Amino acid sequence: MNITRKWAATKQRAIEILIRLKRLYPEADCTLNYQTPVQLLVATILSAQCTDERVNQVTPELFRRFPDAQAIAHAEIEELEQLIRSTGFYRNKAKNIQGACRAIVEKHNHQVPKRMELLVELPGVARKTANVVLANAYGINQGVTVDTHVKRLSNRLGLTENTDPVKIERDLIRLLPQEDWENWSIRLIYHGRAVCTAKKPACDRCELADLCPAADLSLLSNVLG
DNA sequence: ATCCCGAGGG
DNA sequence: CCCTCTGGAT
């Protein structure tokens, strides 16, 4: 049997994986709390390397004190730092949310830009954050969120074979139906945390194992090892 | 100890 | 490619 042919990165296989992930993780909505696109942008910047739940613990007070871009732009940086301290990386994040809000006030007429090229110019915003904001604030599913989990899983699943997140995103976009891009990446991330972990993937209880070329190798190494 | 739904800088 | 930034959960 030709391995390459068996595990070709076809749309059909990608969609089968997507259907299973949708069954495994039915709720893939953004769990950040926010009222406006600016608040979502701020919350998403804060969510770097910490959980949405912890971000949701600090944003009520943060947005009560500083409800919009104008207020955050003029806040005392020390007060911002204190309000977001528990989300980690708080000095960088405070500087970034204030810098982003100042740019939004001064260059974007108080609105979060709707284009990737403009979003990634904001401090603290790269493709990951931009995709989350575009998808959830504006319903624009222009891209796939490629973080370390998505990178690892899509390569293990044989959908991509790249280390460059931009190339991985490009390849995934070719394989996936547009309306599910953002939710698909979130489900991959869930699966990466729960089952297909970096160090010790649980292939024995993975519901994608029969669709996964890396599962064969892992099971084989278990047998041999 | 190790990891987190990252981003920026060298 | 590497490193740093940080608190909190497990």
Side-chain angles (χ1 to χ4, degrees), chain A residues 18 21-22 24-34 39-59 61-62 77-104 112-113 116-137 141-157 160 162-169 172 176 180-202:
Chain A
L18 186 148
L21 286 172
K22 193 176 281 191
L24 286 169
Y25 312 100
E27 76 301 324
D29 298 326
C30 176
T31 54
L32 260 10
N33 296 145
Y34 61 96
Q39 290 186 0
L40 174 61
L41 177 68
V42 170
T44 307
I45 292 174
L46 296 183
S47 76
Q49 288 298 100
C50 90
T51 61
D52 288 5
E53 299 78 62
R54 210 177 315 142
V55 174
N56 287 337
Q57 288 183 311
V58 307
T59 45
E61 177 68 7
L62 176 66
I77 194 73
E78 290 82 5
E79 188 173 2
L80 288 180
E81 288 178 355
Q82 286 313 117
L83 284 166
I84 68 172
R85 172 179 281 277
S86 67
T87 68
F89 302 135
Y90 64 92
R91 271 185 278 256
N92 285 340
K93 287 176 179 176
K95 199 188 308 173
N96 287 339
I97 65 176
Q98 182 160 69
C101 285
R102 285 180 174 165
I104 285 170
V112 176
M116 174 66 73
E117 317 87 79
L118 298 176
L119 276 168
V120 296
E121 287 177 3
L122 302 173
V125 181
R127 303 185 125 262
K128 162 74 199 296
T129 300
N131 280 334
V132 171
V133 171
L134 286 171
N136 293 285
N141 279 276
Q142 279 192 340
V144 176
T145 295
V146 178
D147 69 344
T148 54
H149 295 292
V150 174
K151 193 198 294 194
R152 184 175 73 250
L153 289 234
S154 68
N155 281 336
R156 280 181 180 169
L157 286 164
T160 58
N162 266 301
T163 53
D164 178 3
V166 176
K167 290 180 181 171
I168 291 174
E169 182 178 9
L172 289 178
L176 301 173
D180 280 316
W181 280 348
E182 186 55 32
N183 282 346
W184 193 87
S185 28
I186 289 171
R187 292 186 174 104
L188 257 195
I189 290 164
Y190 284 165
H191 197 66
R193 284 197 300 182
V195 180
C196 192
T197 54
K199 287 191 73 172
K200 198 175 184 297

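Given the structure is predicted, the values throughout are model-derived calculations rather than measurements. A note on names: the letters A, B, ... follow the listed sequences, proteins ahead of strands, and every chain is numbered from 1.
A donor atom on one side chain and an acceptor atom on the other are not found under 3.5 Å apart for A:Ser47 and A:Asp52. Using modelled atom types, one finds a donor on one side chain and an acceptor on the other under 3.5 Å when comparing A:Arg85 with A:Gln82.
Relative to the side chain of A:Gln49, the nucleotides B:dA7, C:dG7, B:dC4 differ in distance, and B:dC4 lies closest. Residue A:Ala126 has its side chain nearest to B:dG8 when only C:dG7, B:dG8, B:dC4 are considered. You'll find that the side chain of A:Arg54 is closest to C:dG8, out of C:dT6, B:dA7, C:dG8.
In this structure, the CG atom of A:Asn96 is 6 Å from the P atom of B:dG8, given to the nearest Å. Going from atom NZ of A:Lys151 over to atom P of B:dG6 covers 12 Å, rounded to whole Å. Taking atom CG of A:Leu46 as the reference point, atom P of C:dG8 lies 14 Å away to the nearest angstrom. Taking atom NZ on A:Lys95 and atom C1' on B:dG6, their separation rounds to 16 Å, with Å as the unit. Look at CG on A:Asn92: it is 9 Å from P on B:dG9, rounded to the nearest Å. In this structure, CG of A:Leu188 is placed 17 Å from C1' of B:dC4, rounded to the nearest angstrom. Rounding to whole angstrom units, CG of residue A:Leu119 and C1' of B:dG6 are separated by 15 Å. Summarising the geometry, the separation between CG on A:Asp52 and P on B:dC3 is reported as 20 Å, rounded to the nearest angstrom.
The C1' atoms of C:dG8 and B:dG8 are separated by 23 Å, rounded to the nearest whole Å. For the P atoms, the distance from B:dG10 to C:dT6 is 16 Å, rounded to whole Å.
Judged by closest nucleotide on DNA chain B, A:Thr145 is the one of A:Thr145 and A:Pro123 placed further toward the 5' end.
At the heavy-atom level, A:Asp147 lies under 4.0 Å from the strands shown only through sugar-phosphate atoms. Among the atoms of the strands shown, only primed sugar atoms or phosphate atoms (P, OP1, OP2) are found under 4.0 Å from some heavy atom of A:Ser86. Heavy atoms of A:Val125 sit under 4.0 angstrom from primed sugar atoms or phosphate atoms, though from no base atom.
When each of A:Leu83, A:Leu46, A:Ile84 is paired with A:Thr59, the side-chain contact (heavy atoms from CB on, under 4.5 Å) condition holds for A:Leu46 and for no other.
The phosphate of C:dT6 (OP1 or OP2) has no side-chain N or O of A:Arg85 nearer than 4.0 angstrom. Side-chain N/O atoms of A:His149 include one lying less than 4.0 angstrom from OP1 or OP2 on B:dC4.
For A:Phe89 and C:dG7, the ring-to-base geometry does not satisfy the stacking test (centroid distance below 5.5 Å, interplanar angle below 30°).
With A:Tyr25 as the aromatic partner, A:Arg187 does not meet the cation-pi criteria of under 6.0 angstrom to the ring centre and within 45 degrees of the ring axis.
With salt bridges taken as basic N to acidic carboxylate O contacts below 4.0 Å, one links A:Arg127 and A:Glu169.
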